[in-house]
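So the structure is just underneath, and the comments pick up after that.
Every value quoted in this text rests on a predicted model; they were computed, and no experiment measured them. We name chains A, B, ... by the order of the sequence lines, and we start the count at 1 in each one. Excluded from the calculations below are hydrogen atoms, water molecules and symmetry mates; all remaining heavy atoms, backbone and side chain alike, are included.
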Amino acid sequence: MPELPEVETVRRGLIAHILDRRIERVTVRDARLRWRVPKSFATFAQKRRVVDVGRRGKYLIIGLDNADRILIHLGMTGRLLVLDVSDSARPAQKHDHVDLLLERGLLLRFHDPRRFGAVLPWPAKETSHPLMEAMGPEPFSEEFSGDYLFNLSRGRSAAVKNFVMDGRVVVGAGNIYAAESLFRAGIRPGKAAGKVTRAQFELLAEKIREVLGEAIEQGGTTLRDFASAMGEAGYFQQKLFVYGREAEPCLVCKSPIRRVVIGQRSSYYCPSCQS
DNA sequence: CTGTTAACCTGAGTGC
DNA sequence: TGCACTCAGGTTAACA
């Protein structure tokens, strides 16, 4: 479900609710996520106060008062729900895998039908986390630029769409936003990364930032089940030019949008606007 | 090193 | 209704 804008939307939603609250109790109903939630997790998180809600790529990083951190990844279908215990006190539903009961009657609940997500401890004594070591730059960082993409892509035969979706190249561009960025930059998704010109990468880097930025402003893209922490839908889907629009007319030139599979993922593009 | 593929898992939708 | 099949916002591990 979530690419960078959705994770950022969740992060912003969480800040208002969980910051400065103590974690009273942790319940792990099903530890079988992308990686097992370790047995030690409850002890690790309990009695700690939340002092920060950060993000790196698509990972949420919940900072605790002893400098330990909780890593959360939403995978494809993960959701984090902020529930008011006193008013709803809903019993756990199917796929409600992890609960963090916070002080003053708030419940942070991790729900994930496909279990591609993750909830992991990240102890303070471990400076870097193995899952983040090889991670590429944030799209809004100085480091990320057309030159950066150009230099890194020389000699690479992989499709440019796979290239920008590779988290080691740049974080945050998933299947939707990669397609939308490539459309706005006028580049076909299947084009070899090594054949994309410097000028094209300059435009692409700009469009990636533009698309991600607009999506964050719109509260993310809601296709099936994305909702912010408070259950609000995102609205960026109304601004999608190509994603999920196979055979529909291009919003710019009316040519039918094409769908092709690249790297096992559906890829959408306009054969006339993109070359 | 680069590139490709299978795999992890459940649910929704479609066509017969 | 039921069944078989395809597809889905992510990422890693294993292979060539």
Side-chain angles (χ1 to χ4, degrees), chain A residues 1-11 29-37 55-60 71-80 93-97 110-120 129-136 139 151-182 189-195 208 211-212 215-216 218-228 233-240 242-247 259-268:
Chain A
M1 165 254 287
E3 298 181 37
L4 189 147
E6 290 72 38
V7 177
E8 179 61 19
T9 298
V10 170
R11 187 188 74 82
R29 272 181 221 87
D30 192 343
R32 299 172 304 160
L33 304 182
R34 184 69 168 77
W35 294 278
R36 275 197 86 77
V37 182
R55 179 189 59 73
R56 174 75 175 101
K58 297 169 191 170
Y59 283 92
L60 284 165
L71 270 189
I72 297 179
H73 197 292
L74 300 176
M76 291 273 252
T77 51
R79 297 176 67 164
L80 273 176
Q93 315 258 315
K94 200 175 180 183
H95 308 308
D96 286 344
H97 305 310
F110 179 80
H111 176 273
D112 185 7
R114 289 178 76 179
R115 289 192 272 118
F116 287 170
V119 177
L120 294 168
H129 193 284
L131 288 169
M132 308 214 193
E133 265 160 24
M135 240 184 220
N151 293 332
L152 198 57
S153 63
R154 290 312 84 185
R156 303 273 291 256
S157 64
V160 61
K161 172 157 174 280
N162 290 162
F163 180 70
V164 296
M165 284 178 69
D166 185 341
R168 293 164 303 185
V169 173
V170 59
V171 297
N175 206 29
I176 299 176
Y177 300 117
E180 294 299 311
S181 306
L182 286 163
K191 184 166 182 152
K195 292 191 169 178
I208 287 173
V211 163
L212 295 177
I216 290 169
Q218 301 285 314
T221 299
T222 298
L223 293 184
R224 284 164 196 80
D225 52 6
F226 171 71
S228 67
Y235 292 95
F236 191 75
Q237 65 274 15
Q238 295 167 10
K239 301 180 87 174
L240 298 177
V242 289
Y243 183 84
R245 300 194 59 246
E246 181 180 16
R259 170 182 175 273
V260 291
V261 174
I262 300 171
Q264 314 174 78
R265 312 298 296 274
S266 284
S267 307
Y268 302 87

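The aromatic ring of F116(A) does not sit over the base of dT11(C), since the test of centres under 5.5 Å and planes under 30° is not met.
The side chain of P113(A) lies closest to dG11(B) when the candidates are dT11(C), dG11(B), dT5(B).
Using the six-membered ring where Trp is involved, H97(A) and F110(A) have ring planes that are tilted, between 30° and 60° apart. Using the six-membered ring where Trp is involved, Y268(A) and Y243(A) have ring planes that are perpendicular, over 60° apart on the 30 and 60° scheme.
A donor-acceptor pair under 3.5 Å links the side-chain atoms of R115(A) to the main chain of R32(A), judged by distance alone. Between the side chain of D96(A) and the backbone N or O of Q93(A) there is at least one donor-acceptor pair closer than 3.5 Å.
Look at CG on L131(A): it is 16 Å from P on dG10(C), rounded to the nearest Å. At whole-Å resolution of the value, CG in L4(A) and C1' in dG9(C) are 13 Å apart. Atom-to-atom, CG of N175(A) to C1' of dA8(C) comes out at 9 Å; the value is rounded to the nearest Å. For the pair M165(A) CE and dT12(C) P, the computed distance is 13 Å after rounding to whole Å. The separation between D166(A) atom CG and dG3(B) atom P is 10 Å, rounded to whole Å. With rounding to whole Å, R36(A) atom CZ is found 14 Å from dC8(B) atom C1'. The distance between atom CZ of F236(A) and atom C1' of dG9(C), rounded to the nearest whole Å, is 13 Å.
Counting any heavy atom pair closer than 4.0 Å across all strands shown, R168(A) reaches no nucleic acid atom.
Pair assignment for dC15(C) gives dG3(B), based on Watson-Crick or G-U wobble hydrogen-bonding distances that are each under 3.5 Å.
Along DNA chain B, the nucleotide nearest K94(A) and the nucleotide nearest R34(A) are compared for position; the residue whose nucleotide lies closer to the 5' end is R34(A).
Checked by distance alone, R114(A) brings a side-chain donor or acceptor within 3.5 Å of a matching partner on the base of dA8(C). Judged by distance alone, with hydrogens and angles left aside, R156(A) brings no side-chain donor or acceptor close enough to the base of dT2(B) to form a pair under 3.5 Å.
Rounded to whole Å, the C1' atom of dG3(B) lies 24 Å from the corresponding atom of dG9(C).
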